[in-house]
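I have placed the structure first, in the form of structure tokens, so that the comments after it can refer back to it.
Because the structure is predicted, anything quoted here is derived from the model rather than measured. Residues take their numbers from the sequence shown, with the count starting at 1. Note that these values count all heavy atoms, side chains included, but never hydrogens, waters or copies made by symmetry.
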Amino acid sequence: MSKILIIEDEAAIRRVLTKILSEENDTYQVEEAEDGAAGFEKIKNNDYDLVLCDIKMPKMDGVEVLEAVKKIKPEIPMVMISGHGDMETAINTMRLGAFDYISKPPDLNRLLNTVRNALDKKQLVVENKILKKKVSKNYEMIGESDAINHINVMIDKVAQTEARVLITGPNGTGKELVAHQLHERSQRANFPLIEVNCAAIPSELIESELFGHVKGAFTSAVKDRAGKFEAADKGTIFLDEIGDMSLSAQAKVLRALQESMITRVGADKDIKVDVRVVAATNKDLKKEIAEGRFREDLYHRLAVILIKVPSLNDRRDDIPMLISYFADKIASEQGNAIKKFSKEAIHLLQDYDWTGNIRELRNVVERLIILGGSEISENDVKLFASK
């Protein structure tokens, strides 16, 4: 059922709108409020999928209702009802976040189309929130060790700022999880997080990948193409394995950080970008600087905040939680019953030397679930998880 509230001080118009909507679709549950104040009270205490709100009303006019609703329940689409003399105000409500406006007396087709479109938008917002929660769950940081708690405190302090962050740590420790958490908890969360694995892109293509190119810039450039920095505009770009980036590309990244400007390969026109940069590396960048492979000025631009992700061997207390998390996740992905790990099996896994860190642990948990018994035993670990 789609729950719709009509806020209108003219009883005759309320009745007409209610009749039209109820007859149009029997899944519309329509409620009424006789003025803005009564309507706002209903919105505070109930969940609505759509609100139709008159502009000129006693006690609290439609603009005031719109502004108040956007503060407490911004996801509710608001359609404003305007008299002939209210058209300028109605247009202004669009700037304040109204979904649309309809004129009095309402045209039947216009009204119904607007209602359908507004409800479709509300459904998309709900679905996007569910999807975002699912995506966010894939990037949870599992653990309660001092090291993980320290990282979470750092993220909480830094996420809401525009400070650049350099994440360091061995391969497989979950540096990308930190980057995702920084973005999800930031004011840029509604805009893209664009990930670039600098180690996976050939050095001759990295500049085109980051900054884009124009047609004819090189042999395979058959059309203009935007780069990752443009794609991340107003959001965050995550430069993973930045220690593997060529010196030429480093120079262009430095300019992007200094001037908030990029230039596509083969072009002479600058493009302004508003991007927060988060970088990660498993290399010792100070050593790379000393050996001439990394720019010191770029390092200091990136390393405003340093977050070090520990190896799994340095956070063994988190291994039981990680095993439980991976076991649940793998069972869900494969559609199988969750397998339990015996205490002895967990203790044995805690004693292993995890050179591949969390990535290796996940692989071992999956192998044990596939090859082990109904409960993963110490013997299963010795048979199938041996190094």
Kindly write out the residues that satisfy side-chain hydrogen bond (donor to acceptor under 3.5 Å, both in side chains) with Lys287, not counting sequence neighbours, or none if the list is empty. none
Arg225/Glu209 salt bridge by N-O under 4.0 Å criterion: yes
Just checking, is any N or O donor in the side chain of Asn357 or Arg315 under 3.5 Å from an acceptor N or O on the other one? no
Salt-bridge test for Asp156 and Arg185: reply yes if a basic N is under 4.0 Å from a carboxylate O, no otherwise. yes
Which pairs with one or both residues in residues 211-221 pass side-chain hydrogen bond (donor to acceptor under 3.5 Å, both in side chains), sequence neighbours excluded? Ser208-His213
Between the main-chain N or O of Ile376 and the side-chain N or O of Ser342, is there a donor-acceptor pair closer than 3.5 Å? yes
Will you find, in the side chains of Glu288 and Tyr299, an N or O donor that is under 3.5 Å from an N or O acceptor? no
Would you call Glu162 and Arg188 a salt bridge, using N to O less than 4.0 angstrom? yes
Using a distance-only test with no angle check, is there a side-chain donor-acceptor pair under 3.5 angstrom linking Gln334 and Glu366? yes
For a quick check under 3.5 Å, do Asp380 and Ser377 share a side-chain donor-acceptor pair by atom type? yes
Name all residues meeting the side-chain hydrogen bond (donor to acceptor under 3.5 Å, both in side chains) criterion together with Ser145; count only those two or more places apart in sequence or in a different chain, and write none if there are none. Asp318
If you measure only the distance, is there a donor-acceptor pair under 3.5 Å linking the side chains of Asn197 and Asp240? no
Salt bridge present between Arg316 and Asp351 (N-O < 4.0 angstrom): no
If only atom types and distance count, is the side chain of Ser186 paired as donor or acceptor with the main-chain N or O of His183 below 3.5 Å? yes
Given 3.5 Å as the limit, does a donor-acceptor pair link the side chain of Asp61 with the main chain of Ile55, or not? no
Answer yes or no: is there a donor N or O on one side and an acceptor on the other, between the side chain of Gln250 and the main chain of Arg293, under 3.5 Å? yes
Look at the side chain of Glu8 and the backbone N and O of Glu10, then say whether any donor-acceptor pair between them is shorter than 3.5 Å. yes
For Phe229, give me all partners under ring pair (Phe, Tyr, Trp, His ring centres under 6.0 Å), at least two apart in sequence or on another chain. Phe211
Donor-acceptor side-chain pairing of Asn313 and Ser311 below 3.5 angstrom: no
With a 4.0 Å cut-off, would you call Lys122 and Asp49 a salt bridge? yes
Which residues share a ring pair (Phe, Tyr, Trp, His ring centres under 6.0 Å) with Phe341, sequence neighbours left out: none
Report yes or no: does Asn45 contribute a side-chain atom to a donor-acceptor pair with the main-chain N or O of Glu41 at less than 3.5 Å? yes
Side chain to side chain contact (heavy atoms under 4.5 Å, CB included) filter on Ala251, not counting sequence neighbours, yields Arg295
Does Arg367 come within less than 4.0 Å of Glu360, counting only side-chain N to carboxylate O? no
Please check this pair: side chain of Lys175 against backbone of Pro170, looking for a donor-acceptor N/O pair closer than 3.5 Å. yes
Salt-bridge test for Lys340 and Glu375: reply yes if a basic N is under 4.0 Å from a carboxylate O, no otherwise. no
Does a salt bridge link Lys71 with Glu67, judged by any charged N lying under 4.0 Å from a carboxylate O? no
Looking at Pro320, is its backbone amide N or carbonyl O close enough to the side chain of Ser324 to form a donor-acceptor pair, meaning the two atoms are under 3.5 Å apart? no
Does this structure show an ion pair linking Glu32 with Arg14, if we count only N-O contacts that are shorter than 4.0 Å? yes
